[in-house]
Amino acid sequence: MKVALCGVAAALTVVLMLFEGLVSVASVAIPAVAGCLLIPIVAEAGLSHAFGAYGAAAVLVLLLAPDREAALIYVLFFGYYPALFAVISKIKSRILLWGAKLLIFNAAAIAEGLLTIYVLGIPFEEFPLLGGWGPVVLLALANLVFVLYDYVLAGLIGQYYRRFYGKLGRMFHR
């Protein structure tokens, strides 16, 4: 049952990422939603299964997704963050917790930006916003969006446990 759940979640992730090619303005939103498919896997099957499902989905997304930038966004952050959320949420200190979350996000965002420029070949001049301050402003805005995403993800996880964990748990926790 756990492997089947992982396979279905990985397949749904790939399908969502394929839809991103149809709606190209959602190059951040669809990877974020696709990453949320790990929530039931973390809850029902555990972290090892969740990271395995992420690995399988990440490989398929890199091979099949039409939007390479969205694929990078999924692979470098949104794909694994819901599983990592369960790990880093155990940090007791709020300052250390948010420091870890922001460090992970900013490392992924900077890596995605650099890979977009140097691997995908999108020239730096394509980012004309605010001249030389454009990347800094975009990173600051991305951090605000990340804080909102983290808050929403915590709410989704809470709702999953309140509404579905007891019902689906009978199938997985025998």
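Model, not experiment: these values are computed from the prediction.
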**Q** Please identify each residue that fulfils side-chain contact (heavy atoms from CB on, under 4.5 Å) with Val28, with sequence neighbours left out.
**A** Ile73, Phe78
**Q** To check you understand the geometry: which heavy-atom pair defines the closest contact between Ala50 and Val42, and what is its length?
**A** CB-CG2, 3.5 Å
**Q** If you take all heavy atoms of Leu139 and Ala109, which pair is closest and at what distance?
**A** CD1-CB, 3.8 Å
**Q** Please name all residues satisfying side-chain contact (heavy atoms from CB on, under 4.5 Å) with Arg94, sequence neighbours left out, ordered by chain then number.
**A**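 Listed in chain order: Leu97, Trp98.
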**Q** Treating Ile, Leu, Val, Met, Phe, Trp and Tyr as nodes and any side-chain heavy-atom pair under 4.5 angstrom as an edge, say whether Val147 and Ile91 lie in one connected cluster.
**A**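 Same hydrophobic cluster.
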**Q** My understanding is that only residues two or more places apart in sequence, or in another chain, count here; which of them pass side chain to side chain donor-acceptor pair (under 3.5 Å) with Asp150?
**A**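 By the side chain to side chain donor-acceptor pair (under 3.5 Å) rule, Asp150 matches Tyr81, Lys101.
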**Q** Is any side-chain heavy atom of Ile88 closer than 4.5 Å to one of Ile104?
**A** yes
**Q** Do Tyr149 and Phe105 pass the ring pair (Phe, Tyr, Trp, His ring centres under 6.0 Å) test, and can you show the C-alpha distance, the side-chain angles, and the key distance before you say yes or no?
**A** CA-CA 11 Å; Tyr149 172 75; Phe105 173 74; 8.9 Å; no
**Q** Mind checking whether Leu96 and Leu103 sit in one hydrophobic cluster, side chains of I, L, V, M, F, W, Y counted as touching below 4.5 Å?
**A** no
**Q** State yes or no: do Leu18 and Leu62 share one hydrophobic cluster built from I, L, V, M, F, W and Y residues joined by side-chain heavy-atom distances below 4.5 Å, directly or via other members?
**A**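 Yes, same cluster.
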**Q** Which residues pass the ring pair (Phe, Tyr, Trp, His ring centres under 6.0 Å) test with Tyr161, sequence neighbours left out?
**A** Tyr165
**Q** Of all residues at least two apart in sequence or in a different chain, which pass the side chain to side chain donor-acceptor pair (under 3.5 Å) check with Arg163?
**A**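 Expected list: Gln159.
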**Q** In Å and rounded to the nearest 0.5 Å, what is the CE to CD distance from Met1 to Glu44?
**A** 9.5 Å
**Q** Suppose we screen for ring pair (Phe, Tyr, Trp, His ring centres under 6.0 Å). Which residues come up paired with Tyr80, at least two apart in sequence or across chains?
**A** Tyr54
**Q** Return the set of residues passing side-chain contact (heavy atoms from CB on, under 4.5 Å) with Ala107 (not counting sequence neighbours), or none when no residue passes.
**A** none
**Q** Is there a side-chain contact between Pro82 and Leu153 (heavy atoms, below 4.5 Å)?
**A**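 Pro82 vs Leu153: side chains touch.
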**Q** Quick one: closest heavy-atom pair of Ala70 and Met17, and the distance?
**A**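 For Ala70 versus Met17, the nearest heavy atoms are O-CE, 3.5 Å.
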**Q** May I have all residue pairs that pass ring pair (Phe, Tyr, Trp, His ring centres under 6.0 Å) and include part of residues 23-48, sequence neighbours excluded?
**A** none
**Q** Applying side-chain contact (heavy atoms from CB on, under 4.5 Å), name anything that partners Ala53, two or more places apart in sequence or on another chain.
**A** Cys6, Leu38, Ile41
**Q** If two hydrophobic side chains count as joined below 4.5 Å and joins carry through other members, does Leu16 share a cluster with Leu63?
**A**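 Yes.
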**Q** Filter on side-chain hydrogen bond (donor to acceptor under 3.5 Å, both in side chains), then keep only pairs touching residues 103-114, sequence neighbours left out; what's left?
**A**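 Non-adjacent pairs meeting side-chain hydrogen bond (donor to acceptor under 3.5 Å, both in side chains): Asn106-Asn143, Glu112-Thr116.
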**Q** Using every non-hydrogen atom in the two residues, find where Asp67 and Ser27 come nearest and quote the distance to one decimal.
**A**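 That closest heavy-atom pairing would be OD2-CB, 3.6 Å.
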**Q** Would you indicate whether Leu114, at its atom CG, is surrounded by more than 12 heavy atoms from other residues, nucleotides or ligands within a distance under 6.0 Å?
**A**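 Counting neighbours around CG of Leu114, more than 12 heavy atoms of other residues, nucleotides or ligands fall under 6.0 Å, so yes.
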**Q** Does any pair with a residue in residues 27-38 pass salt bridge (Lys or Arg N to Asp or Glu O under 4.0 Å), and if so which ones, sequence neighbours excluded?
**A**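 For residues 27-38: none.
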**Q** Mind listing the closest non-hydrogen atom pair of Leu84 and Phe51 along with its distance?
**A** N-CZ, 4.0 Å
**Q** What about Val145 and Ile110, same hydrophobic cluster or not, with Ile/Leu/Val/Met/Phe/Trp/Tyr joined at side-chain heavy-atom distances under 4.5 Å?
**A** no
**Q** So which heavy atom on Gly35 is nearest to which on Tyr74, and how close?
**A** N-CE1, 4.1 Å
